[in-house]
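As a basis for the values below, the full set of heavy atoms in this structure was taken, side chains included, without hydrogen atoms, waters or symmetry mates.
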Amino acid sequence: MKFNELNLDPLLLKAIARVGFQEPTPIQAATIPLVLKGVDVIGQAQTGTGKTAAFGLPMLNAVDVDNPAIQGLIISPTRELAIQTQEELQRLGKDKHVRVQVVFGGADINRQIRNLKQKPQIVVGTPGRLIDHIERHTLKLDKLKMLVLDEADEMLDMGFVDDIEKIAAHVPSQRQTLLFSATMPPAIMKIAHKFMQDPQVVRIETKELTADLIDQYYVRAREDEKFDILTRLLDVQNPELALVFGRTKRRVDELIRGLKARGFNAEGIHGDLTQQKRMTVLRAFRAGELDILVATDVAARGLDISGVTHVYNYDIPQDPDSYVHRIGRTGRAGQNGISVTFVTPNELGYLRTIEHLTKKRLLPLKPPTNRDAFRGRLQQTLINVHTTLTNTDELKRYATTAAQLLDEYDPMLLVAAYLHTINHDDIRNTHVRITPERPLPTRKRSRNDHHHHDRHYHHHDHHDQRPAYQKHGKMRRVTKKNKHQFKIRTNA
């Protein structure tokens, strides 16, 4: 199917050609005809499958540009996703001259009020800020034609259901409603039943959601081993753009400090950063000025960044659905991607649950050695040298100094000295402390699960996996007298 077969406005087809879309993605091909018919639609699709255009193109198609009222509203769970959605709709609606505005928390509300006075026909926003504008009477939705709930499962997880109900109370009952979600738990279907009229369901199979183009691995390691293994993996795999996921804000901050201390080009985002700082970091990452972005799940929700080659789950997600969202940041647009998940011995049950959800077995990955990491750095150095040698004009300024060095030293020693100088082995060995996270509660595994994972794993089997209070001497008997001390020691 081609876009010109979808009965879209010729001005939209012109914009589609300009932005470089070749043909509709599966979610677009299935959704757009239904939306154009005017029916309510539930679409199962994660970020990166083209869902923004799936609802954005028919919404833009329906807009009457001579009508200054707000005709389309898109509710997004996060500021980043709201901004990306607005930018996408502006690109696609440019030739039709559709006005699109975005509103979100953490920004100057007065500036947003001024923007809303420019009579946008489509508004994208986060739930809390949309309610602020509704209560200030700066956002009037009485002429709304289409309502979109984007990343509905994320909004459910973030507790936005009550806010959505408040917003829905201010829109006409005779409207078209679209809901998009990466996963379809019963709670999502409950929301759909509440806000939608006989919705048609467009479902992308789980194997498509988790992307067959992503090679998925796991590394079994203790907490105190994970950071060293991560940096060795970065040296060996040399990702062009990498996302590292940590469970908490503190973890993200420590990983950023640690990676920088070892010479990696890394920055991070989490909820405590200002909106300006987060957007600055994201722009730098998208532009390739950063190699590594460290993030929490909340901060990374809705991110649509092309070119991510590797995803590292430094902490395994407690919610398996989050795993689908994380690894979906790579393996896009027909490109291959790699994900590596770190698993402590007591978290193997979570790994099995993830495999059940994604219907794909994660492959065990042996951690690289220091020697492997050195070879990886050396290989990258050789690539950099070859690239530098192609720019001979730039090298002429060093010719005199090079000639002097060649007169004084053996050429082989000179090259070896150069390689040693730029490899920063001393920096890579910098000691970095990452505070251990509280372990996830042990998830029970069957005997089959235990066999499936442990048969691949030998080099850590000697580690003592007993609880801390058993590792030195015999297990203490818990009595009323020492119960308090026992709790302190086991919860430390």
Does [X] reach the main-chain N or O of [Y] with its side chain, forming a donor-acceptor pair under 3.5 Å?
X    : Y    : result
Q176 : V39  : yes
R247 : I316 : yes
T126 : T78  : no
E355 : L362 : yes
R99  : Q118 : yes
S76  : G125 : no
H170 : K166 : yes

I want to check something: taking the side chain as every heavy atom from C-beta on, are [X] and [Y] in contact at a cut-off of under 4.5 Å?
X    : Y    : answer
Y314 : R251 : yes
T31  : Q200 : no
F342 : D315 : no
L234 : P239 : yes
I167 : L73  : yes
L147 : L178 : no
Q112 : K117 : no
Y217 : P364 : no

Between [X] and [Y], does any side-chain N to carboxylate O distance fall below 4.0 Å?
X    : Y    : result
R220 : E347 : no
K145 : D64  : no
R283 : E289 : no
D372 : R232 : no
R129 : D132 : yes

Supply the atom-to-atom distance [X] [atom1] to [Y] [atom2], rounded to the nearest 0.5 angstrom.
X    : Y    : atom1 : atom2 : result
F285 : T280 : CZ    : OG1   : 15.0 Å
S339 : N313 : OG    : CG    : 6.5 Å
E154 : L149 : CD    : CG    : 13.5 Å
T231 : K226 : OG1   : NZ    : 13.5 Å
F195 : S173 : CZ    : OG    : 13.5 Å
R286 : L293 : CZ    : CG    : 9.5 Å

Closest heavy-atom pair and its distance - [X], [Y]:
X    : Y    : value
P58  : A53  : CD-O, 3.8 Å
G56  : L89  : CA-CD2, 3.4 Å
T52  : E88  : CG2-CG, 3.6 Å
L6   : L36  : O-CD1, 3.0 Å
V281 : L290 : O-CD1, 3.7 Å
P127 : D163 : CB-CB, 3.7 Å

Using only heavy-atom distances, determine whether the side chains of [X] and [Y] contain a donor-acceptor pair under 3.5 Å.
X    : Y    : result
T296 : H270 : no
R175 : T177 : yes
Y312 : Q237 : yes

Decide side chain to side chain contact (heavy atoms under 4.5 Å, CB included) for V202 and I42; before the verdict, give the C-alpha distance in whole Å, the side-chain angles of both, and the deciding distance to 0.1 Å.
CA-CA 6 Å; V202 175; I42 297 173; over 6 Å; no
CA sep, side-chain torsions, deciding dist, call: I83, F104, side chain to side chain contact (heavy atoms under 4.5 Å, CB included)
CA-CA 9 Å; I83 292 168; F104 50 84; 3.7 Å; yes
Is it the case that atom [atom1] in [X] sees more than 12 heavy atoms from other parts of the structure closer than 6.0 Å?
X    : atom1 : answer
Q197 : CD    : no
K143 : NZ    : no
N7   : CG    : no

Ring centroid separation for F180 and F55, is it under 6.0 angstrom?
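Aromatic pair counts; centres sit under 6.0 Å.
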Please table the atom pairs, donor to acceptor, closer than 3.5 Å between any side-chain atom in residues 9-21 and protein atoms at least two apart or in another chain.
| from | atom 1 | to | atom 2 | distance (Å) |
| --- | --- | --- | --- | --- |
| D9 | OD1 | L11 | N | 2.8 |
| R18 | NH1 | D95 | OD1 | 3.4 |
| R18 | NH1 | D95 | OD2 | 2.5 |
| R18 | NH2 | R91 | O | 3.2 |
| R18 | NH2 | D95 | OD2 | 3.2 |

Test side chain to side chain contact (heavy atoms under 4.5 Å, CB included) on L57 and Q28; report intermediate values, then the result.
CA-CA 9 Å; L57 286 171; Q28 293 165 1; 5.7 Å; no
If you apply the rule side chain to side chain contact (heavy atoms under 4.5 Å, CB included), what do you find for V103 with V124, and how did you get there?
CA-CA 6 Å; V103 296; V124 189; over 6 Å; no
